[in-house]
Amino acid sequence: MSTTLPLVPSLPLILRGKLADVVGDDHLITDPDRLLVYESDGLTQYRFSPSAVILPGSVAELQEAIRILHLEGRAFVARGAGTGLSGGALATEGAVVIGTARLNRILEVDPANRVARVEPGVVNTDLTRATRPHGLIYAPDPSSQSACTLGGNVAENSGGPHCLKYGVTSRYVQALTVILPDGSRVRLEGAGRGWRGPDWVGLFVGSEGCFGVVTEIEVGLIPEPEGVRTLLGIFDSLEGAGRAVTAIISSGLLPAALEIVDQETIRAVEASVFAAGYPTDAGAALVVELDGVEEGLDAELELAASCVREEGASEVRIAQSDAERTALWAGRKRAFGAMGRIAPDLLVQDATVPRSQLPTVLRRIGEIGDRYGLTIANVFHAGDGNLHPNLLFDRSDAEELARVEAASREIMEVCIEVGGTITGEHGVGIDKRGYMARVLSPEVLQAMSEVRSALDPSRLCNPGKVLPDELPARSELPNEPLPAPDSGPIEVESDRHASELLAAASREGVSVAIGRGRSSGAPPGPHLRLSARGLRGVIDHSPPDLTVTVGAGTPIGELQEALRASRQWFPLDPPGGDDTTLGQVLAEGLGGPLCTGYGRLRDHLLGATLVTGEGRILELGGRVVKNVAGFDLLRLTVGSRGALGLITRLTLRLFPLPAVDRTLVWALDDPAEAARIGMRLAATGSPIAALEWIAGPGSGPCVGESASDDAVPAGALVAARLHGNRPSVEAMVRTLEAAAGIASPRGLEGEESVEWWERRARREGTGAVSVAISSLASSSESVAEATRGWVDLGGRASLHLVGGGVRLDLDPEGESAADRARAILDEVVRAGGVTPAPAPELSGVLGVFDPAGILPGRWRESWS
Amino acid sequence: MELRAALEEQKDRLGHCVHCGFCLPVCPTYIQLGDEADSPRGRLHLMRAVVEGRLEPESDAYQLHLDRCLGCRACETVCPSGVEYGFLLERARALAVEARRPPLPVRLLPALMARGGARSVALAMGRVMRGTGIPETMAGRLPTTGVWGRLGLAMGMLASSRPSRLDAGPAAPAKATTEPRSDPPSRGRVAMLTGCVQSGLFAHVNRATRTVLEVNGWEVVEVPGQGCCGALHAHSGRLDQARDLARVNVSAFSAAGVDHVISNAAGCGALLRESGELLEDEAAEAMAKGVRDISELLAGEDREPVRGAPLPLKVAYDPPCHLHHAQRVTTSPIRLLESIPELELVPIPGAEECCGGAGIYGITHQELGGRVGRRKTDAILTTGCDVVATGNPGCQMQIGAGLLAAGESIRVVHPVELLAESYRRAGWG
Ligand SMILES: Cc1cc2nc3c(=O)[nH]c(=O)nc-3n(C[C@H](O)[C@H](O)[C@H](O)COP(=O)(O)OP(=O)(O)OC[C@H]3O[C@@H](n4cnc5c(N)ncnc54)[C@H](O)[C@@H]3O)c2cc1C
Ligand code: SF4
Ligand code: SF4
């Protein structure tokens with residue numbers, strides 16, 4: 001574990017000169033003494049001195065430096081604030097450290113579209129400080145947020161106490177500019193920015209600095225929650241606190257944070273100068289934080305408090321002020337620092353297990369500690385099942401160090417055994433490479449390694465991280481004969497079946513189309529068409545964990561039906577509604593109005609099984625809520641439309657069904673006026689589940705009455721869907737009505753509300769011409785104007801008023817209507833204000849999954 | 001090497017640094033340079049490397065990066081592990097100066113300050129010079145780099161030490177909101193640290209301090225035996241000189257038999273408070289316990305100063321590092337200013353960041369100090385204030401010089417000057 005590399009190959013003079021020319025002498029450090037301070041990051045077990053540090057002051061300098069390092073064959077690694085806890089920013093192989101501290105400008109805050117553009121060296125809290133005056137925050141809040149940089153957050157896909165409700169970094173990154181390891185520059189955009197194709201942004205987030213250096217980050221912002229309630233429960237035992245977590249989750253609450261500290265931690269904190277006033281004889285303390293619409297919070301707090309009491313809390317404290325809130329959190333937030341005061345050395349572990357396994361795992365960690373005679377203090381994100389056992393020791397005691405290492409390994413084994421993973425948020429870095437083969441199959445490891453080689457053939461970018469040096473051997477590919485091409489769609493029956501078919505097609509060089517929809521396009525020449533429709537049904541549903549695994553051919557409606565009994569659901573309303581299959585939503589990267597309040601499917605995708613074009617079966621991700629073990633190939637499948645292979649199965653994180661489902665509909669004669677009102681509603685910052693502008697046939701004002709559904713209204717509708725408990729929904733109704741300035745909108749509740757949105761979804765995607773166009777939310781009014789002609793032609797249009805995005809359907813009658821429709825589409829694109837970036841030159845990555853070039857990723861002409 | 005042993009003894013204290021990096025974003029030198037060697041964590045790492053025998057104290061790295069530290073101790077405030085950076089820095093610097101003799105200007109000032117006679121002469125010359133008005137004229141006009149820049153800064157600092165006229169509303173005595181009791185009951189006896197720079201260049205601040213103390217019912221006792229506090233010496237690694245000076249003050253103040261020793265200069269106050277640790281003896285410990293900043297004594301959590309007459313000024317408060325970070329006196333100065341009727345307090349963005357004053361940092365590290373200072377000046381200028389208030393002579397001069405160089409006429413005063421003015425207008429003192 002302790003590694004020192006005393007002899008660092010020094011930088012050749014010529015290279016030194018070249019780098020100095022680029023960044024200036026003041027920003028090139030080569031004195032070995034000065035370089036000492038870069039030998040460790042937040043994890044001090046390792047020491048690797050770099051051969052040089054450069055601190056570029058501009059993206060151009062950074063790019064030029066990488067180009068030079070690439071030409072000279074010199075390894076390099078990006079470093080943000082060096083708060084990483086897996087050794088990710090360490091300079092192995094005498095690498096040159098590229099520090100981003102001087103690239104710390106916030107380039108833009110765009111409140112209307114709720115996005116910000118920043119340089120990588122911007123400190124996490126500085127971003128929220130800049131956006132708060134607009135009522136917006138950047139949600140991911142690692143405990144290190146006052147120091148860590150967004151570049152580091154992107155590289156590690158960092159989480160934080162509040163990601164239980166709000167999700168991790170990956171959910172918020174909308175676009176990236178990256179200097180690839182060869183010094184070339186790419187712009188990667190996500191679905192909201194006009195890109196339709198594999199989720200490159202998703203792949204790069206969490207890549208631990210191995211795929212290049214990120215130079216610009218565009219992130220989504222969320223309205224700052226109106227109210228917060230914080231509760232501290234004191235328990236006699238850790239089990240009690242664990243049961244309270246389960247009870248809170250089963251009660252249908254979705255707290256912003258659920259954090260536990262155990263007895264050892266409480267004692268450490270209370271013994272330090274940071275005493276937080278937790279009773280030292282307590283077995284555990286649970287912090288519950290709820291946020292949202294002010295009016296709804298007291299009821300939620302009461303519910304949470306009763307769960308905590310019922311599970312045997314000896315004391316419940318509720319914060320009445322900001323100062324008290326800070327005090328309740330103190331025992332949690334101060335834990336890390338306090339441990340520095342009671343033991344000379346500290347090893348922070350990081351692993352995630354299914355939440356329902358927490359009690360078992362904690363008990364076993366306790367046993368491991370006893371067996372090795374070590375103090376292990378647990379601090380953890382209980383809601384996510386993300387554990388941080390802290391092993392306290394003294395490095396100068398070699399024998400104790402050995403015990404710590406052994407205990408640490410055993411803890412990892414326990415977590416893996418119960419279906420968990422080896423890192424939830426700190427990353428693999430240098431520290432956890434050895435565990436990778438324990439959680440990932442040889443197939444997946446090989447795919448990760450090949451993706452890395454495709455992006456960095458010379459392996460100069462952050463070498464020695466993430467992947468083990470030796471990869472285990474993969475199993476043989478199947479060798480079945482190829483069925484006759486063009487014999488109609490083949491319904492795949494199993495992973496093995498898919499593997500046989502794809503391996504055979506690859507061998508024979510026969511093109512393959514996946515899915516039945518038009519989106520996969522028409523492959524050239526003789527081909528096979530595979531479908532996952534047959535892989536239907538729920539495979540595993542764990543209500544206490546809020547997770548489900550389903551076959552990719554399962555229609556959304558069937559999934560919701562299966563979840564209903566446990567009062568859970570997966571919020572999803574893409575075009576086609578409940579008949580659309582989950583595999584299709586994933587492969588096409590579809591979304592619907594509910595993305596506004598819940599995010600996309602990609603944001604809650606925990607795992608998937610992909611059978612690659614080559615016929616390899618890749619089990620990607622897992623079934624835990626936070627997982628950063630290795631590169632995010634899982635996210636890459638989103639929107640890949642068959643380019644990587646066939647997806648057979650998905651694991652999703654679920655949500656409790658909302659207590660109240662209410663829809664407000666305003667009908668207006670003027671579509672532009674409707675858009676303006678919609679934008680006012682968005683600007684309230686209310687946590688709306690969906691907010692749509694809708695025009696064209698089928699959106700008639702007599703909503704809810706199916707007989708009149710096909711009436712063609714002259715104007716447009718604005719529809720807002722609200723989820724929550726009754727007081728919060730009612731408060732939101734008042735806020736929205738006031739903001740709209742127009743009286744008595746039509747209100748629908750419960751089933752009526754559900755059905756109204758379902759009917760709307762079913763109508764989408766049904767036109768002979770059916771397109772989705774990205775647009776800026778701030779352009780909603782001009783988009784609404786631009787679609788007037790479309791509606792006149794008999795087409796339907798809808799628009800997400802919060803994130804932007806237009807959906808247009810039309811059955812044009814005759815050539816002239818078709819011409820006119822094309823012209824209108826151009827206009828809508830212009831009005832929307834999003835110019836999609838060209839597809840990045842990353843086809844080498846697709847080749848990893850489809851070496852024979854049989855899948856649409858290779859024969860498709862364009863992604864749009 | 002005895003000093004190395006001293007630093008080695010701090011192994012435990014160094015060990016508290018868990019390398020979390022929380023201190024990076026608050027460190028002015030890291031903010032400016034982006035090099036971790038110029039961050040608190042980096043400096044601690046260098047100290048640790050010396051202790052571990054991996055680095056020589058005379059090495060460029062150790063010398064350069066410790067020298068560049070402003071000693072502002074912003075890093076201490078945010079450290080979750082409670083690393084006593086200021087304490088370690090003094091010991092680490094002692095080791096550094098022992099290993100390599102620092103350049104002349106760095107040696108000169110502490111030497112001057114340690115000698116009463118020479119000090120008085122120099123400060124008197126400064127006052128004469130200031131009286132001519134030349135410094136103020138020169139400050140805004142000299143080039144900003146090289147020798148001229150240093151001179152310009154020195155002139156600006158000198159100019160900024162002069163007493164300010166506070167033009168706000170009717171200067172004529174108005175009626176007070178609360179009449180002070182004609183004969184205020186004695187709250188207790190206090191001694192004032194009159195300081196060397198403070199008494200030499202800021203006599204008006206000392207006068208104002210005395211006024212506000214008396215109006216608030218404190219009896220001020222003269223302590224003639226006191227001298228320079230030694231802060232400058234301690235910060236630059238001359239611990240022995242600092243200890244000698246501290247001993248003088250400890251015995252003088254201990255003999256005075258007062259309830260509190262009052263400081264109106266943050267840097268001196270911090271040293272007095274830490275004299276227990278410096279001297280490692282009980283008398284010093286006992287004296288240190290009674291030390292208060294003037295703002296704490298008047299406007300601590302449990303009390304409010306007597307309210308004087310309105311002073312309709314827009315005031316930006318800039319906390320001196322040695323008050324905010326070293327003494328952790330954060331709210332009292334604000335409460336003190338808020339007690340003045342009609343005074344509008346405006347926040348300075350990033351107020352808790354160092355102004356770059358740090359003793360003679362602006363002279364020894366002209367370029368870097370200038371950058372730190374400009375950041376402060378820019379932040380102040382966003383507030384639209386009439387006056388800046390700060391409770392340390394060094395900061396008053398540094399910020400004042402920065403504003404003069406930027407061609408601004410905003411004055412920099414001590415908070416007690418504002419309170420005293422409010423009392424003057426009420427007709428007391
Ligand atoms: C006390 C403490 C608490 C923590 N709490 C949390 C927590 O709650 N949640 C959590 O997720 N993490 C936590 N961490 C871990 C750490 O803060 C995060 O991983 C953070 O994102 C690292 O950011 P950084 O700027 O320090 O990156 P560094 O440590 O400097 O680098 C981390 C990785 O990012 C890469 N990198 C940095 N910048 C770039 C760039 N521009 N382009 C490409 N790659 C880059 C580096 O090469 C390295 O691999 C904690 C750490 C500490 C010390
Ligand atoms: S904040 Fe404290 S513990 Fe963290 S790196 Fe800085 S000095 Fe060390
Ligand atoms: S004292 Fe100030 S300048 Fe020195 S390391 Fe700490 S924060 Fe930085």
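All values derive from a computational prediction rather than experimental measurement. Keep in mind that the numbers below use all heavy atoms, side chains included, and drop hydrogens, waters and symmetry copies. Quick note on labels: first sequence line is chain A, next is B, and so on, each numbered from 1.
Contact of Thr44(A) with chain B is made through the side chain alone, with heavy-atom distances under 4.5 Å. Using a 4.5 Å cut-off between heavy atoms, Arg34(A) touches chain B through backbone and side chain atoms alike. Contacts between Thr149(A) and chain B at a heavy-atom distance below 4.5 Å are absent for every atom of the residue. Interface remark: Leu43(A) contributes no atoms to any contact with chain B (heavy atom separation under 4.5 Å). Within the 4.5 angstrom heavy-atom criterion, only side-chain atoms of Leu55(A), from C-beta onward, approach chain B. For a residue to count as touching a neighbouring chain, one of its non-hydrogen atoms must lie under 4.5 Å from one of that chain's; by this rule Asp41(A) touches chain B with the backbone only.
Most heavy-atom pairs under 4.5 Å with chain B: of the set Cys148(A), Gly121(A), Gly82(A), Gly99(A), this distinction falls to Gly82(A). Your options are Ala338(A), Ala335(A), Gly57(A), Ser40(A), and the one with the most heavy-atom pairs under 4.5 Å with chain B is Ser40(A).
Formation of a donor-acceptor pair under 3.5 Å by the Thr383(B) side chain with backbone atoms of Ile380(B) is found in this model. Judged by distance alone, the side chain of Glu156(A) and the main-chain N or O of Gly84(A) form no donor-acceptor pair under 3.5 Å. Checking side-chain atoms of Arg335(B) against main-chain N and O of Gly300(B) turns up a donor-acceptor pair under 3.5 Å.
Defined by atom type and a distance below 3.5 Å, a donor-acceptor pair is missing between the side-chain atoms of Asn124(A) and Asp141(A).
A salt bridge is absent between Asp378(B) and Arg375(B); no separation between the charged side-chain nitrogens and carboxylate oxygens falls under 4.0 Å. With respect to Asp35(B) and Arg102(A), no salt bridge is recorded, no charged nitrogen being found less than 4.0 Å from a carboxylate O.
By a heavy-atom distance cut of under 4.5 Å, Cys79(B), Pro80(B), Ser81(B) are the residues of residues 68-81 of chain B near chain A, going up by number.
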